[in-house]
Participant: 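If you scroll down you'll find the structure; I have some questions about it.
Counting convention: from 1, in listed order, for ligands and their atoms alike.
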Amino acid sequence: MGFNLKGRHFLTLKDFTPKEIDFLIDQAIEFKRLKYAGIPHKMLEGKNIALLFEKPSTRTRCAFTVACIDLGAHPEYLGKGDIQFGKKESNRDTAIVLGRMFDGIEFRGFKHETVEDLARYSGVPVWNGLTDKFHPTQILADFMTIKEKLGYLKGVKFAFIGDARNNMGNSLMIGSAKMGLDFRSVAPKQLFPNEELVTYAQSVAKETGAKITITDNIAEGVKDVDVIYTDVWVSMGEEAQFEERINLLKGYQVNKQMMELTGKKDTLFMHCLPAFHDLETEVGRDIHQKFGLEAMEVTDEVFRSKNSVVFDEAENRMHTIKAVMAATLS
Ligand code: CP
Ligand code: NVA
């Protein structure tokens with residue numbers, strides 16, 4: 001008997017064992033093989049899936065939609081303002097109604113408590129497509145990408161640079177602790193991850209052989225790393241903080257000099273996307289006008305370099321989300 005994840009929610013990697021996480025990554029690799037070979041895998045035929053989005057999304061929305069269709073399920077997008085949720089109807093009542101009609105619910109939004117409420121009251125599996133605290137489906141795609149590129153996860157030296165207390169910083173730290181990585185949060189002290197979460201990650205690390213380091217020293221943080229990972233300096237919902245964040249993080253931009261500081265030539269560059277690496281976006285141009293920056297968290301040179309695997313990560317969102325839905329629904 002293998003793993004039975006049927007009926008489980010996917011809210012944070014805290015709830016999953018290393019074996020379960022590894023199982024989901026391997027399932028995703030298998031789904032990728034099936035997709036590439038054109039072999040049908042409609043194991044969720046007849047299921048209906050609600051995709052609830054309070055915040056915008058390209059990758060997560062498309063990954064859930066295509067994954068549902070490939071698996072034979074019907075996805076229904078419920079965007080901000082489309083339903084009564086939050087304005088005229090409570091989380092609890094919405095959860096109960098959706099659970100009476102749908103077989104599974106994806107939620108992307110602000111408060112982590114909202115996705116917990118949906119899980120508590122809906123009676124069907126609920127998947128976290130990003131909250132202010134965690135972004136666990138992204139970590140599966142990132143770890144799948146590392147496994148594809150390097151062949152293993154345990155012992156991988158990994159530096160997360162930037163806003164280390166955001167949903168990505170938190171989730172990568174938990175995932176790394178679970179999977180035995182040598183993880184470094186590299187950030188100014190004001191943006192260090194929450195102490196309670198660091199203590200939790202360190203306690204998991206004791207069991208898995210992972211190493212968790214929190215530092216504001218870039219040279220120390222990126223020394224010998226196999227992966228440099230960054231994310232936007234200002235997450236969705238925090239737009240009022242651009243100036244303060246730029247001042248805190250401008251020394252933490254991932255650029256050629258930082259890549260060289262690793263001492264390795266083949267260090268992978270990773271980013272969950274979207275990324276501010278050029279002036280091809282409205283926000284990028286606005287920031288350029290106000291603060292004179294050509295790029296924020298990563299230069300265009302690094303983003304487009306041969307070490308960059310950002311679009312592999314983006315594609316792998318779909319394969320990993322398929323694995324999560326299939327494992328929890330069938
Ligand atoms: N990485 C990610 O979650 O992208 P979206 O915001 O486009 O879904
Ligand atoms: N930290 C980012 C992640 C986007 C995928 C945000 O929450 O906006």
Participant: What I want to check is whether the side chains of K32 and N316 have a donor and an acceptor closer together than 3.5 Å.
Facilitator: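 Side-chain D/A pair, K32 to N316: present.
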Participant: Counting only heavy atoms, tell me which of R59, H135, M168 gets closest to atom 3 (O) of ligand 1.
Facilitator: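 Looking at heavy atoms only, the winner is H135.
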Participant: Quick test of your reading of the model: are K149 and D266 salt-bridged, counting only N-O distances below 4.0 Å?
Facilitator: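 Salt bridge absent between K149 and D266.
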Participant: Assess L273 for proximity to ligand 2: is some non-hydrogen atom of it under 4.0 Å away?
Facilitator: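 So L273 counts as touching ligand 2.
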Participant: Compute the minimum heavy-atom distance from E313 to ligand 1 and say whether it is under 4.0 Å.
Facilitator: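 It does not, in that no heavy atom of E313 comes within the 4.0 Å cut-off of ligand 1.
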Participant: What protein heavy atom lies closest to atom 7 (O) of ligand 2? Include the residue and the distance to one decimal.
Facilitator: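 Checked against all protein heavy atoms, atom 7 (O) of ligand 2 sits closest to N167 ND2, 2.8 Å.
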Participant: Given 3.5 Å as the limit, does a donor-acceptor pair link the side chain of D182 with the main chain of G155, or not?
Facilitator: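 No; zero donor-acceptor contacts below 3.5 Å.
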Participant: Starting from atom 8 (O) of ligand 2, which protein heavy atom do you reach first, and at what distance in Å?
Facilitator: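 Closest protein heavy atom to atom 8 (O) of ligand 2: M236 N, 2.8 Å.
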Participant: Any idea how F303 and H277 line up, ring-wise: parallel (<30°), tilted (30 to 60°), or perpendicular (>60°)?
Facilitator: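 Rings of F303 and H277: parallel, under 30°.
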Participant: When you check the side-chain N and O atoms of E30 and H41, is any donor under 3.5 Å from an acceptor?
Facilitator: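 No.
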Participant: Does the N or O separation between D231 and ligand 2 drop below 3.5 Å for any pair?
Facilitator: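 Yes - when backbone and side-chain N and O of D231 are compared with those of ligand 2, one distance drops under 3.5 Å.
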Participant: Donor-acceptor check, side chain of E301 to backbone of N255, threshold 3.5 angstrom: yes or no?
Facilitator: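 The answer is no, because no donor-acceptor pair under 3.5 Å joins these two groups.
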Participant: Ligand 1 and L273, any nitrogen or oxygen pair closer than 3.5 angstrom?
Facilitator: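 The answer is yes, given that L273 and ligand 1 share an N or O pair closer than 3.5 Å.
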Participant: Does any N/O atom on V234 come nearer than 3.5 Å to any N/O atom on ligand 2?
Facilitator: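 No, since none of the N or O atoms of V234 sits under 3.5 Å from an N or O of ligand 2.
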Participant: Quick check against the 3.5 Å criterion: does N128 have a side-chain atom that pairs as donor or acceptor with the backbone of L11?
Facilitator: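 Yes, N128 side chain to L11 backbone: donor-acceptor pair under 3.5 Å.
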Participant: Give the atom numbers and elements of ligand 1 that come within less than 4.0 Å of a heavy atom of T58.
Facilitator: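 Here the atoms of ligand 1 in question are 5 (P), 7 (O), 8 (O).
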Participant: Which residue owns the protein heavy atom closest to atom 2 (C) of ligand 1, what's the atom, and how far is it?
Facilitator: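 Protein heavy atom at minimum distance: R317 NH1, 3.3 Å.
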Participant: Can an N or O of H135 be found at a distance shorter than 3.5 Å from an N or O of ligand 2?
Facilitator: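 No, there is no polar N/O contact under 3.5 Å.
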Participant: Taking H319 as the fixed residue, which of R317, K322, E315 is the one that meets the side-chain hydrogen bond (donor to acceptor under 3.5 Å, both in side chains) rule?
Facilitator: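 The option that passes is E315.
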Participant: May I ask you to decide if the ring planes of F10 and F16 are parallel, tilted or perpendicular, using 30° and 60° as cut-offs?
Facilitator: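 Rings of F10 and F16: tilted, as their planes differ by 30° to 60°.
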Participant: Against heavy atoms of R108, which atoms of ligand 1 measure under 4.0 Å?
Facilitator: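 Checking each atom against R108, I get 2 (C), 3 (O), 5 (P), 6 (O), 8 (O).
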Participant: List every atom of ligand 2 that sits less than 4.0 Å from any heavy atom of S235, numbering the atoms from 1 in the order shown and giving each element.
Facilitator: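 Those atoms are 1 (N), 2 (C), 6 (C), 7 (O), 8 (O).
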Participant: Show which atoms of ligand 1 fall inside a sub-4.0 Å distance from at least one heavy-atom site of C272.
Facilitator: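 Counting from 1, the qualifying ligand atoms are 1 (N).
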Participant: Any donor and acceptor pair, going by atom type alone, linking the side chain of E20 with main-chain N or O of T17 inside 3.5 Å?
Facilitator: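 Between the backbone of T17 and the side chain of E20 there is a qualifying donor-acceptor contact (under 3.5 Å).
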Participant: Could an N or O of ligand 1 be found under 3.5 Å from any N or O of L130, whether backbone or side chain?
Facilitator: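 Among all N and O atoms of L130, none is under 3.5 Å from an N or O of ligand 1.
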Participant: List the closest protein heavy-atom neighbour of atom 4 (C) of ligand 2: residue, atom name, distance to the nearest 0.1 Å.
Facilitator: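 Looking at atom 4 (C) of ligand 2, the protein heavy atom closest to it is L130 CD1, 3.9 Å.
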Participant: Taking non-hydrogen atoms only, is D132 closer than 4.0 angstrom to ligand 2 via side chain, backbone, both or neither?
Facilitator: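 Neither; nothing of D132 gets under 4.0 Å from ligand 2.
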Participant: So, does S176 use its side chain to make a donor-acceptor pair with the main chain of M173 at under 3.5 Å?
Facilitator: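 Between the backbone of M173 and the side chain of S176 there is no qualifying donor-acceptor contact (under 3.5 Å).
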